[in-house]
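All values below come from the heavy atoms of this structure, side chains included, with hydrogens, waters and symmetry mates left out. Every chain is numbered from 1, with letters handed out A, B, ... down the list of sequences.
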Number of protein chains: 2
Amino acid sequence: MIDIQLFKWYSFARLVYTNLAIEPPTPPRGGTMKKSSNRDETSKPVYVQIAENLLDQIESGDLSPGDRLPPERELSEKFGVNRQTLRRALKKLELQGLLTRRQGAGTFVSEPKIEQRAEVVISFTKNMQRRGYVPGAEIVKFKKQSAEKSVADALGLSSSDLVYSIFRLRLINQAPVLLERLTIPAHRFPQFERHDLSKRSLYEVMETEYGVTITRARQSLEPVIALDYEAEILHVLPGAALMLQRRLSFDQNEQPIEYGKDLYRGDRFRFVTEIAPLEI
Amino acid sequence: MIDIQLFKWYSFARLVYTNLAIEPPTPPRGGTMKKSSNRDETSKPVYVQIAENLLDQIESGDLSPGDRLPPERELSEKFGVNRQTLRRALKKLELQGLLTRRQGAGTFVSEPKIEQRAEVVISFTKNMQRRGYVPGAEIVKFKKQSAEKSVADALGLSSSDLVYSIFRLRLINQAPVLLERLTIPAHRFPQFERHDLSKRSLYEVMETEYGVTITRARQSLEPVIALDYEAEILHVLPGAALMLQRRLSFDQNEQPIEYGKDLYRGDRFRFVTEIAPLEI
DNA sequence: GAGTGGTCTAGACCACTGG
DNA sequence: CAGTGGTCTAGACCACTCC
């Protein structure tokens, strides 16, 4: 074990939310709510739109950690919705760890935690930037080939179907920390080789170029030993401990769309979960 | 690696829910509400009580996987609550993976999955039994001693304070799979050595003997390499991959009450998470 | 005591699944 | 088409915090 311990905390989780902002509501009754800006995601529930609007305000810095939000009754009036609806939006953000609510006291923007919740989905790049690191990426392999059986099964393909197989090395402050190995069905992403994944987010490309949005994923974690090739590329000793994260992602139509086997350096990452009773 | 692969799937998570059933909430309206058993947690929100009631029915087999529940409007009438309140209970169970709801179709008891959600808290014993395995436990070490600094800090103790340091080996079908190493403050648990942790659940003892309930926990996962001692006791080769799960648990008063460092055999466990957009 | 979030009710309309 | 879950509203009372 040679390696320094630059940072130790991290959450897995990947990409995936679109920051639709809401147009402030034409009020009540007949249920209005302008549809938001771009895309045809017009029909999102109001509480989701409000949550996204508030998220924008937090991310843009309009709302800073420690700030108290206006009372619910006031906020609901501002957004032109019922208090219940507003509370649903707040709950969503609270479950993501972005807001803290204290009965009798108020609703506050959370202090940024060192660790993010493992269950919240966010991009590697954004995650690292929030922690003040400079993320990077490097394509190690990019091939169009026929899928191996286990992967084909997971993606619902036959073994004669073509897939893109991509190895991407992720860097933090120039140092390799994560080897992404992912497979996507070629027929869903024609000409995928045109896009530069060393500069762009995979999910961003999927969404903007192909209209594919990842809505959910199932993933698992296992500890594994670094093989020679993996050790070399991640700059650890063979036999070092790595975290293998398998992932099957689904698109908006519930179709499996990406199969990933990511290898994290065990000395640089820790996967954090908060276990709490589910209060909805 | 000599070991067989008896089973591969598992979720971490530990114990913690008490199956309190609801006290007949004195129906504010025309309500009914079946009651069940013990304790005076009378003041739980109605939706929590309903969720626990339904959970009981699922666990007892009154509701079987695949069964369709009555429509929400009917259920809410049965429980004597508003539909919104009932829906909150259903949502809670849905988030735990116990129910599946399909718009237009109905609410169904989920087929038992091989893996449980990583975020849901459940006891090792119960978890294994659900999978048809025979869990066991063996006390490896049981000492009252002064806390080491890092642990004392986590538990909010001074280094002169005494703690119980307990190593417990967990078995599945007689084979060792998990080495639990946990620390609890001695002053909160007087005479703790009287209890037989090879037969009883730690959390069950805490609750019934000391009135301490674990309400939430913060935990992390890291891959590590088996040291000689660990390898021997877990029946793996030195250098094998293990999963280290650190855990800090809090009681009902938000006091840190247990510090754990559990070692899972990497070849026998996989830690699963579902990543999905939070719809509340 | 005033003000906050937490819970609950009653009723409505919508979107989707199914025969 | 009838019936299901999904969303939203209007209004109420409670539990807690803080001055």
Using the ring of each side chain (for Trp, its six-membered ring), is A:Y210 parallel, tilted or perpendicular to A:F189, with breaks at 30° and 60°?
perpendicular
Send over the distance from [X] [atom1] to [N] [atom2], rounded to a whole Å.
| X | N | atom1 | atom2 | answer |
| --- | --- | --- | --- | --- |
| A:K91 | D:dT7 | NZ | P | 16 Å |
| A:L90 | C:dT7 | CG | C1' | 15 Å |
| B:R101 | D:dG3 | CZ | C1' | 16 Å |
| A:L75 | C:dG6 | CG | P | 13 Å |
| A:R87 | C:dC8 | CZ | P | 11 Å |
| A:N82 | C:dA10 | CG | P | 16 Å |
| A:F79 | D:dC8 | CZ | C1' | 16 Å |
| B:E77 | C:dA10 | CD | P | 11 Å |

Go through the steps for A:D251 and A:M206 under the test side-chain contact (heavy atoms from CB on, under 4.5 Å), then give the verdict.
CA-CA 10 Å; A:D251 68 8; A:M206 283 182 168; over 6 Å; no
Apply side-chain contact (heavy atoms from CB on, under 4.5 Å) to A:D262 and A:R247, showing your working.
CA-CA 8 Å; A:D262 296 352; A:R247 180 183 56 263; 3.0 Å; yes
Nearest to side-chain heavy atoms of B:Y47, which nucleotide of D:dG5, C:dT7, C:dT4
C:dT7
Per-nucleotide protein contact string for nucleotides 13-19 of chain D (B base, S sugar-phosphate only, - none; heavy atom under 4.0 Å)
B-BBBS-
Comparing nearest nucleotides in DNA chain D, the 5'-proximal residue of the pair B:Q84, B:G106 is B:G106
With a 4.0 Å cutoff (strictly under), does any side-chain N or O of A:R88 reach OP1 or OP2 of D:dT7?
yes
Can you see if the side chain of A:T85 gets near the phosphate of D:dC8 - specifically, an N or O under 4.0 Å from OP1 or OP2?
no
Take A:L54 and A:Q57 through the test side-chain contact (heavy atoms from CB on, under 4.5 Å) and record every step on the way to the result.
CA-CA 5 Å; A:L54 292 171; A:Q57 295 190 44; 4.2 Å; yes
What is the minimum heavy-atom distance between A:Y259 and A:L155, and which atoms define it?
N-CD2, 3.9 Å
Got a donor-acceptor contact below 3.5 angstrom from the A:D153 side chain to the A:S150 backbone?
no
Does the A:E72 side chain pair with the main chain of A:R87, one donor and one acceptor, at a distance under 3.5 Å?
no
